[in-house]
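All remarks here apply to the structure that follows.
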2 protein chains.
Amino acid sequence: MAKILIIDDEPSIVNLVSAYLKPEGYEVYTATDGPAGLKAAKTYKPDLLVLDIMLPGMDGLELLSRLRRESEVYVILLTARTEETDKIVGLSVGADDYVTKPFSPRELVARIKAALRRLNAGSSPGGAEILSFKRVRLDAGARMVTVDDHPIDLTAIEFDLLKALAENRGRVLTREQLLDKVWGGTYFGEMRVVDVHLGHVRQKLGHESLITTVRGVGYRFEDEPL
Amino acid sequence: MAKILIIDDEPSIVNLVSAYLKPEGYEVYTATDGPAGLKAAKTYKPDLLVLDIMLPGMDGLELLSRLRRESEVYVILLTARTEETDKIVGLSVGADDYVTKPFSPRELVARIKAALRRLNAGSSPGGAEILSFKRVRLDAGARMVTVDDHPIDLTAIEFDLLKALAENRGRVLTREQLLDKVWGGTYFGEMRVVDVHLGHVRQKLGHESLITTVRGVGYRFEDEPL
DNA sequence: CGCGGGCTTTACAAAACCTTTAAGATTGCT
DNA sequence: AGCAATCTTAAAGGTTTTGTAAAGCCCGCG
């Protein structure tokens with residue numbers, strides 16, 4: 001899977017971020033000062049770089065601008081300051097995203113995942129791009145759905161919901177799992193949103209038992225694979 | 001289930017959080033000052049710790065850094081609003097997440113659950129996903145059962161009951177054991193519920209001696225493994 | 001700034017389910 | 001066979017869960 005390099009002088013932050021990323025299946029490399037970081041970046045050729053602006057030995061921005069001479073790696077900057085200027089400077093030097101400290105580890109992970117998803121979008125289809133079933137066909141790239149070859153218009157959430165269920169055809173997904181997959185770990189509202197959106201999906205699909213309610217547990221997508 | 005320790009000097013907060021966590025089935029311990037908190041942490045060895053930064057007797061950060069010498073417990077820090085420095089220091093001292101006060105109890109609970117889910121992810125894969133027998137097939141992921149390839153519609157309890165029995169094919173399970181496995185230790189009603197639900201299962205499965213009554217003891221599932 | 005679409009919450013009714021109860025049926029024992 | 005203990009089953013009552021409509025909120029757009 002994807003390789004990620006974390007450069008930060010505070011070991012606790014490095015460890016924290018690693019702890020969040022490793023379970024997701026990423027290969028994580030670390031460095032705690034500028035020169036070592038630059039070397040690691042060249043050695044390991046990570047797909048994504050998490051870089052603290054303030055580093056001993058070499059400023060993060062300097063590291064970034066040097067690195068940019070030979071690498072297109074995606075960079076997420078960690079900045080302690082809230083000053084806009086930092087962000088702007090960072091982006092102008094070639095960062096692709098930034099997170100201000102103190103940051104929520106979860107937010108950082110979410111951004112990392114999003115970035116990698118985007119990076120992979122063009123090259124290799126991460127998850128299946130198109131899910132085909134007897135009656136339902138779901139094109140992730142185009143974000144389009146057809147039922148019996150009739151195109152159906154779904155909103156973003158509705159689409160993701162259907163996709164999550166379709167990717168797990170035949171398995172029950174709990175509301176929690178669906179919240180996780182569709183809303184992504186940063187949602188803390190009512191669980192019943194799932195019901196509501198799922199109701200909309202059913203309405204639009206013409207609910208011929210394509211999505212089954214499993215009372216007390218969750219929902220299951222039923223259509224057979226093509 | 002998981003043990004959670006809450007350390008905060010305001011009883012109202014402790015109670016609030018407890019009130020949200022206990023119904024979820026967590027074992028909740030509490031402490032209202034630093035020394036007691038540290039002791040409780042060592043005594044109970046919780047899986048997760050909710051810690052207020054400001055504590056009488058011992059600063060929360062000091063507690064945390066002391067605790068870190070001997071424990072890897074997951075720590076969520078409660079910080080009074082907007083003290084940026086607190087968050088940074090907290091994370092650097094070894095907190096895993098933080099929530100700023102005033103906080104939404106729901107958010108805190110959501111974070112706790114997410115954290116515990118992540119912690120457990122690697123360890124136990126649970127029971128077998130699919131149990132196959134001569135006549136009965138039971139898919140835990142889909143929560144579906146077939147008998148001689150006819151799909152059977154079971155309610156949540158009925159399914160769990162059959163699963164518990166099937167997982168112990170050939171062994172007698174007492175009503176108590178079944179209550180434990182299916183209802184999960186928090187049930188204090190009549191034991192006869194088991195009989196009733198088991199009767200339903202038999203009806204739905206077409207009870208060709210698949211489940212045997214062992215008078216005075218309990219029930220036994222009989223089908224042969226595939 | 002107002003509009004409109006989509007998201008979230010809330011509320012209520014309907015449906016599904018769980019528990020209890022109690023009357024019959026069965027079993028095992030003497 | 002007769003009796004007591006145990007199990008089965010049907011039905012009623014109460015509870016929980018789900019479906020869905022309606023209203024409010026937020027954000028991007030004109």
Side-chain angles (χ1 to χ4, degrees), chain A residues 143 145 152-165 172-221, chain B residues 23-25 104-107 110 143 145 152-162 164-165 172-222:
Chain A
R143 300 211 123 229
V145 174
I152 307 286
D153 199 38
L154 296 181
T155 69
I157 284 191
E158 286 159 15
F159 182 89
D160 290 339
L161 207 45
L162 181 60
K163 178 154 159 273
L165 286 165
V172 180
L173 294 183
T174 65
R175 290 182 179 71
E176 254 186 44
Q177 289 175 310
L178 289 170
L179 281 179
D180 242 37
K181 285 180 194 300
V182 176
W183 279 261
T186 39
Y187 177 82
F188 301 113
E190 282 292 327
M191 231 180 231
R192 298 297 304 278
V193 254
V194 176
D195 298 39
V196 176
H197 289 293
L198 202 122
H200 294 157
V201 173
R202 276 177 169 158
Q203 247 173 272
K204 291 183 180 178
L205 293 203
H207 50 100
E208 337 271 331
S209 85
L210 284 175
I211 299 173
T212 308
T213 302
V214 180
R215 197 161 244 268
V217 184
Y219 298 94
R220 186 178 55 208
F221 182 84
Chain B
E24 304 280 345
S104 135
R106 218 161 38 187
E107 176 183 344
R143 302 211 116 221
V145 175
I152 308 288
D153 201 39
L154 297 180
T155 70
I157 284 191
E158 287 159 16
F159 182 89
D160 290 339
L161 207 45
L162 181 59
L165 287 165
V172 182
L173 293 183
T174 66
R175 290 183 178 72
E176 258 186 43
Q177 290 175 308
L178 289 169
L179 281 179
D180 238 39
K181 284 180 194 303
V182 176
W183 279 260
T186 40
Y187 178 81
F188 299 110
E190 283 291 327
M191 218 178 244
R192 289 283 142 172
V193 260
V194 176
D195 300 38
V196 176
H197 289 294
L198 202 121
H200 294 157
V201 174
R202 276 175 168 158
Q203 247 174 268
K204 292 183 180 179
L205 294 203
H207 50 101
E208 337 271 331
S209 84
L210 284 176
I211 299 173
T212 309
T213 302
V214 181
R215 197 160 242 269
V217 184
Y219 298 94
R220 185 178 52 209
F221 182 84
E222 300 282 18

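Chain letters run A, B, ... following the sequence lines, proteins first, then strands; residues in each count from 1.
- You'll find that the side chain of B/Ile157 is closest to C/dC18, out of C/dT26, C/dC18, C/dA16.
- Checked against A/Glu158 for a side-chain hydrogen bond (donor to acceptor under 3.5 Å, both in side chains), the options A/Lys163, A/Arg202, A/Gln203, A/Lys204 give a single hit: A/Lys204.
- In this view, A/Arg215 satisfies the side chain to side chain donor-acceptor pair (under 3.5 Å) rule with no residue, not counting sequence neighbours.
- Rounding to whole angstrom units, CZ of residue B/Phe188 and P of C/dT19 are separated by 13 Å.
- Applying a 4.0 Å cut-off to non-hydrogen atoms, the residues of residues 189-201 of chain B that approach DNA chain D are B/Arg192, B/Asp195, B/Val196, listed by residue number.
- Where A/Lys204 and A/Tyr187 each meet DNA chain C at their nearest nucleotide, the meeting point lying more 5' is that of A/Lys204.
- Take A/Asp195 and apply the side chain to side chain donor-acceptor pair (under 3.5 Å) test, not counting sequence neighbours, and it matches A/Arg175, A/Arg192.
- Of the candidates A/Ile157, A/Leu154, A/Leu178, A/Val182, A/Ile157 is the only one forming a side-chain contact (heavy atoms from CB on, under 4.5 Å) with A/His197.
- One can place CG of A/Asp160 at 13 Å from C1' of C/dG6, the figure rounded to the nearest angstrom.
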Between A/Val193 and A/Leu179, is a side chain to side chain contact (heavy atoms under 4.5 Å, CB included) present by the stated rule, with each step listed? CA-CA 9 Å; A/Val193 254; A/Leu179 281 179; 4.2 Å; yes

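- The distance between atom CG of A/Asp153 and atom C1' of C/dG5, rounded to the nearest whole Å, is 11 Å.
- You can see that DNA chain D meets the heavy atoms of chain B within a 4.0 Å-exclusive cut from D/dA5 to D/dA10, reading 5' to 3'.
- Taking each heavy atom of A/Leu165 and A/Tyr219 in turn, the nearest pair found is CD2-O, 3.8 Å.
- In this structure, CG of A/Leu178 is placed 16 Å from C1' of C/dC7, rounded to the nearest angstrom.
- Side-chain N/O atoms of B/Trp183 include none lying less than 4.0 angstrom from OP1 or OP2 on C/dC18.
- For A/Glu176, the side chain to side chain donor-acceptor pair (under 3.5 Å) partners at least two apart in sequence or on another chain are B/Lys113, B/Arg117.
- Ionic pairing of B/Asp160 and B/Arg143 is present here: one or more N-O contacts between side-chain nitrogen and carboxylate oxygen are shorter than 4.0 angstrom.
- Checking the phosphate oxygens (OP1, OP2) of C/dC7, a side-chain nitrogen or oxygen of A/Thr155 falls inside 4.0 Å.
- A straight line from CG of B/Leu161 to C1' of C/dC18 spans 13 Å, rounded to a whole angstrom.
- By the salt bridge (Lys or Arg N to Asp or Glu O under 4.0 Å) test, A/Arg220 is found to be paired with A/Glu222, residues two or more places apart in sequence or in another chain being considered.
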